[in-house]
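For reference, the structure discussed in these notes is given below.
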Amino acid sequence: MKVLITAGPTREPIDPARYLTNRSSGKMGYALAEAAQKRGHSVLLISGPTSLDIPEGVDFIPIESADDLYQAVKSQIGRMDIAIFAAAVADYTPVTVADQKIKKSGDELTLTLTLKKTKDVLGAAREVMGFKGTLVGFAAETENVEENARGKCTRKGCDLIIANDVSRKDIGFDSSENEVTLVYTDRSEALPQNSKKHLAYNLVEVIEQL
Ligand code: CTP
């Protein structure tokens, strides 16, 4: 099958030298890309900047901002059977980007950054982009994990949301380990903690069945 995977953080520019980003390492998305490729699928990885090597045999589109990600997904998703959205997309981006680098002056700086909502790429997959294949999202939660993830699953037209509890320091962001709950519209299933690489194979098997 043809599989699209988004991964990593996005960068939202403030001025030519600076940006807003988040703690995503890209490890989960890259592990999914590697697992899907090894299981015989044709994989396209669309990723924000990470320090990871691109898995062998995987097609790759680099992106920086949430808007870059939106455009790349929009142009590619039509030919896909499965789309897995593991990227940690910025929810907001600066309304204006300074043309010149913001210079330092006094001992304190008061900076007002006005941000606007980014486009929800996963949320646009069904209705805006017309995607008919299997759609899988991630949810980073700190409370009411299952309930919040189920809301996202229904709202965004997903077949499955892979939910993780980001309040735990030992798993998730930046870690090589993860513990996730599979949340469907009508049921859920907790998987035991495991390495992201091992978990990725299990997740690809589950998604194939969908
Ligand atoms: N996502 C996306 N485009 C965005 C924001 C999120 O594609 N602009 C995707 C992510 O890749 C992930 C899922 O949507 O698969 C996460 O949904 P989101 O509603 O952003 O949830 P959280 O990141 O968990 O944040 P919040 O609870 O604040 O909504």
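The first residue of the sequence shown is numbered 1, and numbering continues consecutively from there. Ligands are counted one by one from 1 in listed order, and the atoms in each one are counted from 1 as well.
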- Pairs flagged by salt bridge (charged side-chain N to carboxylate O under 4.0 Å, His left out) wherever residues 136-151 is involved - sequence neighbours left out: Glu141-Lys152, Glu146-Arg150

- Around ligand 1, what residues show up once you keep those with a heavy atom under 4.0 Å from it? Phe85, Ala87, Val89, Asp91, Thr118, Lys119, Asp120, Val121, Leu122, Gly137, Phe138, Ala139, Ala140, Lys152, Lys156

- Message: Would you compute the distance between atom OG of Ser176 and atom CG of Leu199 and round it to the nearest 0.5 angstrom?
- Response: 12.0 Å

- With ILVMFWY side chains joined below 4.5 Å, transitively, what does Ile63's cluster contain besides itself? Leu4, Leu44, Ile46, Ile61, Leu69, Tyr70, Val73, Ile77, Met80, Phe85, Val89, Val121, Leu122, Val128, Met129, Phe131, Leu135

- Write down the atom of Asn164, the atom of Glu179, and the distance for their closest heavy-atom approach. CB-O, 3.7 Å

- Query: Does anything in residues 117-128 pair up under salt bridge (charged side-chain N to carboxylate O under 4.0 Å, His left out), and if so which pairs, sequence neighbours excluded?
  - Reply: Asp120-Lys156, Arg126-Asp159

- Note on the structure: On a heavy-atom basis, the closest approach of Gly29 and Ala86 is CA-CB, 4.0 Å

